[in-house]
Every structure is written in structure tokens, then in C-alpha cells.
**Student:** 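For reference, the structure I am asking about is given below.
Labels below follow one simple rule: chain letters A, B, ... track the order of the sequence lines, proteins then strands, and each chain is numbered from 1.
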Protein chains: 2
Amino acid sequence: MDVYIIEKQLRNKGYKLTEQRSILIDILNKSETPCTAQEVYEAARQKCNINFSTVYRNLELLSKLKIITSLNIKQGVTHFEIMGAGHHHHAICKGCGEVQVIEICPCHSLDSRMLEQLGFTPTELKFEIYGYCSKCNIEQNR
Amino acid sequence: MDVYIIEKQLRNKGYKLTEQRSILIDILNKSETPCTAQEVYEAARQKCNINFSTVYRNLELLSKLKIITSLNIKQGVTHFEIMGAGHHHHAICKGCGEVQVIEICPCHSLDSRMLEQLGFTPTELKFEIYGYCSKCNIEQNR
DNA sequence: CTCCGTTTTGCAAATCATTTGCATTTATAT
DNA sequence: ATATAAATGCAAATGATTTGCAAAACGGAG
Ligand SMILES: [Mn+2]
Ligand SMILES: [Mn+2]
Ligand SMILES: [Zn+2]
Ligand SMILES: [Zn+2]
């Protein structure tokens, strides 16, 4: 994903491109897996002076602009990931919490007529697989 | 769902059947949609003297015993629902937060070979549809 | 039914993620 | 370079959930 496009999008809407903001975008953009605010903060403070509330405020802004999306993968902490990384889903290990990106997608086979009957207009589909990753699976069988 | 079975299951494992506990189970069992701890608490206090920590401790216990399951439908609050109510999924309105139970299920069409390749052993599949319910949809178009 | 050991409860305080108010700093257009 | 709106840092607030501990309730044994 090209950060330049995101940055232009921000400027066009009147948002400023601060050092903190572009570092945050870069971190989220490079991450292979969804990040928590904590993780983003840890990574960002290596590169600039930054405060936790700046992280949160930016995560909120980027979510609002649909540059990132938030996932309620785990209770108590929100995860964020960049959008436009291609449609995919997640496999979440209940042992170690590891998140794997998976290409399995059930969305195609959806019968949307049923939703229409309910008068429900879908905007997002979330699909997560929980279980045990190879590492934790072995440990369980001991 | 028969509460009697659940209660027997608890006794068999050495857990006591307190007034609060059976009221909580009853509330969760009768609810059509997933409940938050808050909602369960509100309902329970109508029927007995009960404290918030009792609610949380029981929700945790019932989850551990797989009598209920927890859902991270919404950021910041956990929802709980009774298991064995038949396999189903949820449509969550981003306007009012209403949760509808839906029968659409993408799980059957899953290609589990892909997961096996990853060495991942699935235990639960979660699938949620977000969007706008009929009521909120109309309001949006004004 | 009463007694006992164990579990569970209520209450108050602690945690942890996230949010907010406000004074100060920074980015961008002119 | 200057003006102005937007963004940041800091400290305090919030809201959900968790925890320690003493008192109360449960369930089995006698
Ligand atoms: Mn999909
Ligand atoms: Mn299903
Ligand atoms: Zn694992
Ligand atoms: Zn709605």
C-alpha cells in the first residue's frame, strides 16, 4: 500500500500531516498483522516523541476515514489494521493470541436475500476463526 | 434449553447452586439476544440481591464450562449468550446497536484444508454482519 | 436437623484500556 | 513571516472488568 495516497487523502480533507501522524500510518501500513494501540505506541515512540492520546486520537481519525479498520478480536483491546490490504480474514490462537491472516473467505457464498428480508443493509462482514496454532496445539497434547 | 441440565452439570463439578447463580443462568437462557454484564445485572437485581462482581465471576465460570459463550461484537463491552441455542450468527446495527440473530451461515462452505496447511486447529468460528437495521436505514436516508 | 469445610458472595479498592479538557505547539495557506 | 485552524502533550476522568478479604450460604456427613 502506498502511504502517499493516504497522506494526500488526509490533506485533501483538511487534516494536517504531522510527524506523529505519518509515523503512525507507516507503522500500521507495514504491519503484517492487526496492532493494538499499545503496540502502535511502542513502535512509534522509537521514532518520535509521542503521547498515548495522540495514538488514540489518530486511530480514531483513521478509522473514521476508513484508512484503517478496527477489529474486536480479543476482549478488552481493540486491534487495528490498514484497509486496502485486500479482503481477508483472521485465525486467532486461543493459546498464545497469535493472529494469522487467512485467505479463506465465506463472504462469497452469502445468501443476501435473507438479509434483505430483514431489511438489514450490510456494510461490513467480519469472520474470525478461533482455535490453536501449530505451536500451541502441540503443547496442548502433552 | 432446559436449565435443569445446566444446574446438574454445575453440581456434578462441585459448584454450588446459589440463588444468584441460577437466576443468572435463567436470564441468559431466556434472552433472545446476547447480553452484556450490565444487562444481566439489571435483570438480576430485580429478582434478588446481587453484586456486580458476582455477575462477572459467574459469567466467567459459565464461559469456562462452555455453558455460555462470549462475543466481542462491540468494542469495550463483552456480550454473552447461552450455548446450545443452535448454531447461528448475528447482524449488528451500527446505528442503534441492535443485534439480530440470523440463520445465514457460511461455516458449511469452509475449505478446512487451508487451515490444516497452516497447522491451525479451529475450535470456534465467529461471523458477524455489521450494517444498518431497517429502522436506522430509513433515518440515514433522510 | 445440625455441624463443618468449602464455595460463593458483597463490598471496596485496584486495574486496564480508552477518552477528555485545556494550554501549548505545529502545519499550512496567504 | 504571519495568522489561524488543527494537533499534540499532559494530567485527570471514565467505564468495564478484576481482585482481596471477611462474612454468608451451600451441600454433604452424622
Ligand atoms: Mn471475506
Ligand atoms: Mn455458522
Ligand atoms: Zn498459539
Ligand atoms: Zn439500528
**Student:** With nearest nucleotides of DNA chain C determined for A/E60 and B/L61 from heavy-atom distances, which residue corresponds to the more 5′ nucleotide?
**Tutor:** B/L61
**Student:** Is A/T54 close enough to D/dG9 that one of its side-chain N or O atoms is under 4.0 Å from OP1 or OP2 there?
**Tutor:** yes
**Student:** Ignoring backbone atoms, test whether A/S53 places a side-chain nitrogen or oxygen under 4.0 Å from the OP1 or OP2 oxygen of C/dT20.
**Tutor:** no
**Student:** Does A/R57 contact C/dG21 through a side-chain donor or acceptor facing the base, at a distance under 3.5 Å?
**Tutor:** yes
**Student:** Which value, rounded to the nearest 0.5 Å, describes the distance between A/I67 atom CD1 and A/N29 atom CG?
**Tutor:** 11.0 Å
**Student:** Describe the nucleic acid contact of B/Y15 in one word from base, sugar-phosphate, nothing, applying a heavy-atom distance below 4.0 Å.
**Tutor:** sugar-phosphate
**Student:** Would you indicate what B/T36 reaches in the nucleic acid, counting non-hydrogen atoms under 4.0 angstrom: base, sugar-phosphate, or nothing?
**Tutor:** nothing
**Student:** Return no unless some side-chain N or O of B/Y56 is found under 4.0 Å from OP1 or OP2 of D/dT18.
**Tutor:** no
**Student:** Could you check how far NZ of A/K74 sits from P of C/dC16, rounded to whole Å?
**Tutor:** 12 Å
**Student:** What is the nucleic acid contact for A/T18, judged by heavy atoms within less than 4.0 Å: base, sugar-phosphate only, or nothing?
**Tutor:** sugar-phosphate
**Student:** Nearest of D/dC10, C/dT28, D/dC26 to any side-chain atom of A/N51?
**Tutor:** D/dC10
**Student:** Could you say whether B/Q20 or B/V77 is positioned toward the 5' end of DNA chain D, judged by the nucleotide with the nearest heavy atom to each?
**Tutor:** B/V77
**Student:** Would you say that A/L24 contacts A/I50 through its side chain, given a criterion of any heavy-atom pair below 4.5 Å between the two side chains?
**Tutor:** yes
**Student:** Is there a side-chain contact between A/N58 and the phosphate of D/dT8, meaning an N or O under 4.0 Å from OP1 or OP2?
**Tutor:** yes
**Student:** Side chains of B/Q75 and A/H79: donor-acceptor distance under 3.5 Å anywhere?
**Tutor:** no
**Student:** Hey, is the side chain of B/N49 poking within less than 4.0 Å of OP1 or OP2 on C/dG10, counting only N and O atoms?
**Tutor:** yes
**Student:** Check the phosphate of D/dG27 against B/R11, side-chain N and O only, distance under 4.0 Å to OP1 or OP2. Yes or no?
**Tutor:** yes
**Student:** Go nucleotide by nucleotide along DNA chain C from the 5' end; which of B/F52 and B/Q75 gets its closest nucleotide reached first?
**Tutor:** B/F52
**Student:** When you measure from the side chain of A/H89 to the backbone N and O of A/E128, does any donor-acceptor pair fall under 3.5 Å?
**Tutor:** no
**Student:** Taking the six-membered ring of B/F127 (Phe, Tyr or Trp), confirm whether the NZ or CZ of A/K126 is under 6.0 Å from its centre and within 45° of its axis.
**Tutor:** no
